Amino acid sequence: MQDLPLGHRRRGRSSVGLRAIGLRGLRGRARAEAECRGQRHRQQTLLRTQTHRRGPSNAIRRARPSASVRAQPTRTRAARASPVPQARQPQPLRLCPMSSQAPVVTRFAPSPTGHLHIGGARSALFCWAFAKAQPDGGGGGGGRFMVRIEDTDQARSSEESARGILEDLAWLGIEWDDGPMLEVSRLSEPGSASTSGDRPAVRVIGANARPVGPYFQAQRVPIYARFLNQLVDSGRAYPAFETNEELEAKRKAAVAAKQTYRYDRAAYQQFPTPAARRDRMKQADTHGEPYVIRFHAPSEEIVVRDQVLGDVRIAAGELDDFVIRKADGFPTYHFAVVVDDETMGVTHVMRAQEHLYNTPRHVALQKALGFRTPVYAHMPLIFNPDGSKMSKRDKAKAARKAVKDAMGKDPAITPRSLAMSVGADAKNLADFIAGENDSLDIAATLARHFNIPLPEVEIYDFRNSGYLPEAIVNFIALLGWNPGMKQSDGKDLEKFDLAFLARHFSIERIGRSNAKFDRAKLLSFNGDYLQQLSDDEFTRRFIAWCRDSQPATAAALERQFAANLPALIRMAKPRAKVLRDVLKVIEFALVPDDQLAFDSAAVQKSLRANNDEGLGILKRFAPVLESVEPFTPDALHTAMETFAARELPADPAGKSNLGKLAQPLRVAITGSGVSPPVHDSLACLGRARAIVRLHRCLEAAQAR
RNA sequence: GGCCCCGUCGUCUAGCCUGGUCCAGGACACCACCCUUUCACGGUGGUGACAUGGGUUCGAAUCCCAUCGGGGUCACCA
């Protein structure tokens, strides 16, 4: 077991239930690997490396006659895509290209360069669900779901990010059979209301039971080296020494000549035999000369059998000789993926459609290495409502817009003045506003300053806003998949949980068209899930969330409301669509009694109108309030009703006159004309505070 | 731009493979009314889509073609 168990350390997240145990720098570990192999100099080469924006174009076209060759049950679209009837002739099908004994293995392979994105979560969910939905062969129980960390990009990967992604997966309830070990606290798990019991307080997700680890690619470099050598020896891979400048010049020339650029294989011709290439590589290695290794692409057509889209073909000669090992000694994505999927026994690859174009390369590599080809399924992409890609940049955009709106309204606000008031670096802030950087820190600072919400795009954000994992799981499952079932009332079934997915998920029902992420519907789902919770469970979840996301508020709450929790939940729960809403609902109770502000319009309307009618009623009600016993929502409600029936003139239309008391009382104790039911609000405050507030209101009115 | 994928209410979708039961069903959003001490919830009802044009067929949302529209991709990133 080479992977260390991962603990928790994200700032402000200490009580989510993921606790730190041993850590070691991911980057440091990977670098050590490279250095042991005498490649320190190549690390430095990375600093000079530039990225290329242009590259080969691949001619991929939709399969025709053989489109119906696919795993059972046959997909509809593929058949439709086939204009040639005889194409439906039976052909050998293979659900699992590995040996018939091998279990289905799916994998989620995130790059640890940020939080878990909503799209990534869906990919993970589908992979998980597909594995779990495999029939139990009697031995092991369905398929296996694996997580592998693709950290071959030394500049961008971080262990912190890897851990964050695993935590978010765990929080969603998507647990991996094979992969890095993550220790999670049971305290925060649903249904574990108490800390007592014999169960240990923590458990570990992830293992290396098969065993096919390590699960960090940076730790698998020796494995890649083996297969790299195999390719060099067989003449299918070769070193290339061109500088980026040289390649860029060729690329520009091709563009100028209106031709599609493709790497010209110059380096392949330069050293014509595997032996010559090996010598050249050895020489370069001893002299610290940087080079990449390229794959000699096949000159035959490549077919990708996709379970969602049908067959996709790339014409012979359209693939160019892409890089498989970078100058820093690490494999590129393409190579690492292919080697790992084979050596880790992955049978089904399900990923977003943005990867479709990578697949021919992977298939070509598999053939060259003599590997099996897994079953592929590319799922539709998820977009913002405006059609743009969901990205963390959306947060910067939202913050930028807030700044510009503010500057439009108040010319006194300048980047400089703003930097002063939020305590940010003026240059950074000016750049941010100008769109020259998308700093998430600045975005968050500005959002706080202007009190605007930032759009949630990552699981972490939704968690922070008080969404429930079961709502998110349900909602994202529906983005690109549908059970196609009806409920007993005849309506479409769309509320379901992980267990349902593990039973009913199928690739056949994955859609083909891209989906827009509808926040309003997610919010509605979350509200529904929140309302389904028992009061106790709701309380537990709210407290856990609050400790996690708003520790200071949580402390204040637990101090003030210890005795009044039932009253608190009674008034807040029905009004909450996310856990954060609870804070809004109880805000009036959180402010100190002597600092409560009164909304002037509400005061006018409910207290002052009709010659201070409301104030008069309040004065008469004050003694009642002081004597209500017990001071509970029900008793308060009864007291109010009794008072209203006895003391207040009946409405000519015979309608309830309770409002004549309730509204003034509401304004007096909450400062606003809008609040939860007055009796609940009173109970929540408790008798002493309610009376203080009532008298304070009456005195303030008298003073005028 | 080359190549590829996709196209049912504003949004997510059911229906499409196996054409008629679909003047297209559900959910979210929206509108109206009801309930109501405000807000929220809840209840009832409503507006709202087969991208367009050709074909095949007695009959097309469903099959075929074209057009248009949207998206993906074209790195020593994954």
Side-chain angles (χ1 to χ4, degrees), chain A residues 45-46 49-62 73-80 83 109-111 113 150-153 155-157 240 244 247 255 258 260-261 290 292-294 309 312 314-315 318 320 322-328 330 332-334 336-337 352-358 378 380-381 383 385 387 389 475 478-480 482 484-487 490-495 511-518 520-525 527 531 574-577 581 585 602 606 640 644 656-663 665-667 672-679:
Chain A
T45 319
L46 188 64
T49 302
Q50 293 187 342
T51 56
H52 305 300
R53 288 283 154 198
R54 309 195 144 269
S57 94
N58 302 328
I60 293 186
R61 69 194 153 77
R62 182 67 177 272
T74 306
R75 273 198 81 93
T76 60
R77 289 297 164 101
R80 190 207 280 181
S111 163
T113 55
E150 309 218 325
D151 56 350
T152 55
D153 182 338
R156 298 197 303 156
S157 298
N244 286 306
L247 292 173
V255 172
K258 298 210 172 197
T260 303
Y261 172 77
V292 300
I293 295 180
R294 286 180 183 270
L309 300 171
V312 175
I314 177 166
E318 291 296 325
D320 87 337
F322 54 94
V323 171
I324 55 177
R325 193 182 80 174
K326 301 182 270 188
D328 66 2
F330 282 86
T332 59
Y333 162 73
H334 302 297
V337 156
Q353 266 176 35
E354 64 196 14
H355 285 290
L356 182 60
Y357 252 64
N358 294 148
H378 288 92
L381 272 11
F383 291 98
K389 236 178 172 173
F475 185 72
L478 249 12
L479 255 27
N482 190 288
M485 295 179 191
K486 300 274 186 206
Q487 297 172 340
K491 294 183 175 177
D492 292 357
L493 175 74
E494 64 173 9
K495 292 284 175 64
R512 280 153 290 257
S513 51
N514 296 336
K516 287 176 183 163
F517 190 80
D518 182 0
K521 186 160 178 171
L522 202 215
L523 191 63
S524 167
F525 266 47
Q531 297 318 311
R575 266 151 271 263
K577 296 225 189 233
D581 288 342
V585 173
S606 301
M640 286 172 67
S656 166
N657 48 15
L658 191 55
K660 296 217 177 220
L661 167 64
Q663 275 310 99
L665 199 47
R666 166 170 289 120
V667 174
S672 149
V674 178
S675 87
V678 175
H679 54 272

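This structure is a prediction, so every number in the text was calculated from the model and none was measured. A, B, ... follow the sequence lines: proteins, then strands. Residue 1 opens every chain.
Look at Ser672(A) and you won't find any side-chain N or O under 4.0 angstrom from OP1 or OP2 of rU38(B).
With rG26(B), rC76(B), rU38(B) as the choices, the nucleotide that has an atom nearest any side-chain atom of Lys491(A) turns out to be rG26(B). Minimum atom distance to the side chain of Glu150(A) is reached by rA78(B), of the listed rU37(B), rA78(B), rC12(B). Minimum atom distance to the side chain of Ala520(A) is reached by rA29(B), of the listed rC77(B), rA27(B), rA29(B). Comparing rC76(B), rU73(B), rA27(B) by their closest approach to the side chain of Val292(A) singles out rC76(B). For Val674(A), whose side chain is taken as the heavy atoms from C-beta onward, the closest listed nucleotide among rC76(B), rA14(B), rC39(B) is rC39(B). Taking every side-chain heavy atom of Lys486(A) into account, rG25(B) is the closest of rG25(B), rU37(B), rC76(B). Each of rG72(B), rC77(B), rU38(B) was ranked by its minimum atom distance to the side chain of Arg156(A); first place goes to rC77(B). Ranking rC41(B), rG26(B), rC76(B) by closeness to the Lys577(A) side chain, first place goes to rC41(B). Among rA78(B), rU38(B), rG10(B), the nucleotide with an atom closest to any side-chain atom of Asp518(A) is rG10(B). For Leu479(A), the listed nucleotide lying nearest its side chain is rC12(B); candidates were rA78(B), rC12(B), rG72(B).
Contact annotation for Pro676(A): base contact, defined as any heavy-atom pair under 4.0 Å involving a base atom. The residue Lys389(A) sits close only to the backbone: its heavy atoms come under 4.0 Å of sugar-phosphate atoms, none of a base. The residue Ser524(A) sits close only to the backbone: its heavy atoms come under 4.0 Å of sugar-phosphate atoms, none of a base. As judged by a 4.0 angstrom heavy-atom cut-off over every strand, Pro380(A) is placed among residues making no nucleic acid contact. Across all strands, Val323(A) comes closer than 4.0 Å only to sugar-phosphate atoms, never to a base (heavy-atom distances). Counting any heavy atom pair closer than 4.0 Å across all strands shown, Thr113(A) reaches no nucleic acid atom. Gly527(A) comes within 4.0 angstrom of no nucleic acid atom, judged by non-hydrogen atoms across all strands. At a threshold of 4.0 angstrom between heavy atoms, the contacts of Gly484(A) with the nucleic acid are absent. Note on Pro385(A): nothing from the nucleic acid sits closer than 4.0 angstrom, heavy atoms only.
For the residue pair Thr152(A) and Lys326(A), the shortest heavy atom distance occurs at O-NZ, 2.9 Å. Across Ile314(A) and Glu318(A), no two heavy atoms sit closer than the pair CG1-CB, 3.8 Å. Among all heavy-atom pairs drawn from Phe525(A) and Glu494(A), the shortest one is CE2-O, 3.8 Å. When all heavy atoms of His378(A) and Ala352(A) are compared, the closest pair comes out as CD2-O, 3.6 Å. The two atoms that bring Ser672(A) and Arg666(A) nearest to each other are O-CG, 3.1 Å, heavy atoms only. The minimum heavy-atom distance between Ser513(A) and Pro380(A), with the atom names listed, is O-CB, 3.2 Å.
Using N1 to N3 plus N6-O4 or O6-N4 for Watson-Crick, or N1-O2 and O6-N3 for G-U wobble, each under 3.5 Å, rC17(B) pairs with nothing. Applying the Watson-Crick and G-U wobble criteria (two distances, each under 3.5 Å), rC68(B) pairs with rG7(B). In this structure, rG2(B) forms a base pair with rU73(B), meeting either the Watson-Crick or the G-U wobble geometry with both donor-acceptor distances under 3.5 Å. For rU38(B), there is no paired base (Watson-Crick or G-U wobble, both distances below 3.5 Å). When both distances must be under 3.5 Å, the Watson-Crick or G-U wobble mate of rC30(B) is rG46(B).
Summarising the geometry, the separation between CG on Asn482(A) and P on rG15(B) is reported as 7 Å, rounded to the nearest angstrom. Atom CG of Leu522(A) is separated from atom P of rA29(B) by 12 Å (rounded to the nearest Å). With rounding to whole Å, Ile324(A) atom CD1 is found 12 Å from rC76(B) atom C1'. Put simply, CG on Leu493(A) is 11 Å from C1' on rG26(B), counting in whole angstrom units. The NE2 atom of His355(A) sits 15 Å away from the P atom of rC77(B) (whole-angstrom rounding). Per the geometry, CZ belonging to Arg575(A) stands 14 Å off P belonging to rU37(B), to the nearest Å. In this entry the distance linking CZ of Phe383(A) with P of rG71(B) reads 7 Å, nearest Å. One interatomic measurement links the two molecules: NZ of Lys516(A) to C1' of rG70(B), which rounds to 8 Å at whole-angstrom precision.
Separating the OG1 atom in Thr332(A) from the CG atom in Asp153(A) is a distance of 11.5 Å, to the nearest 0.5 Å.
Separation of the P atoms belonging to rG15(B) and rC31(B) is 31 Å when rounded to the nearest angstrom. Straight-line distance between the C1' atoms of rA78(B) and rA27(B): roughly 35 Å, to the nearest whole Å. Taking atom P in both rU52(B) and rG69(B), one finds a spacing of 15 Å when rounded to whole Å. Rounded to whole Å, the C1' atom of rG25(B) lies 15 Å from the corresponding atom of rC16(B). Taking the C1' atoms as reference points, rU56(B) lies 13 Å from rU62(B), given to the whole Å. Taking the P atoms as reference points, rG20(B) lies 25 Å from rG10(B), given to the whole Å. Of the C1' atoms belonging to rG26(B) and rA49(B), the separation is 14 Å, rounded to the nearest Å. To the nearest whole angstrom, the two P atoms, one in rU67(B) and one in rG72(B), are 22 Å apart.
The closest side-chain heavy-atom distance from Leu309(A) to Leu356(A) is below 4.5 Å. Taking the side chain as every heavy atom from C-beta outward, Lys389(A) and Phe383(A) approach each other to under 4.5 Å.
Along RNA chain B, the nucleotide closest to Glu494(A) and the one closest to Met640(A) are compared, and the more 5′ of them pairs with Glu494(A). Toward the 5' end of RNA chain B, the nearer of the two residues Leu381(A) and Ser513(A), judged by each one's closest nucleotide, is Ser513(A).
Formation of a donor-acceptor pair under 3.5 Å by the Gln531(A) side chain with backbone atoms of Ala576(A) is found in this model.
Within 3.5 Å, no donor on the side chain of Lys521(A) pairs with an acceptor on the base of rA29(B), nor the reverse. Scanning atom types as modelled, no donor and acceptor separated by under 3.5 angstrom connect the side chain of Arg512(A) and the base of rC6(B). For rU37(B), its base sits under 3.5 Å from the side chain of His679(A) at one donor and acceptor pair at least. One cannot find a donor-acceptor pair under 3.5 Å joining the base of rC74(B) and the side-chain atoms of Tyr261(A).
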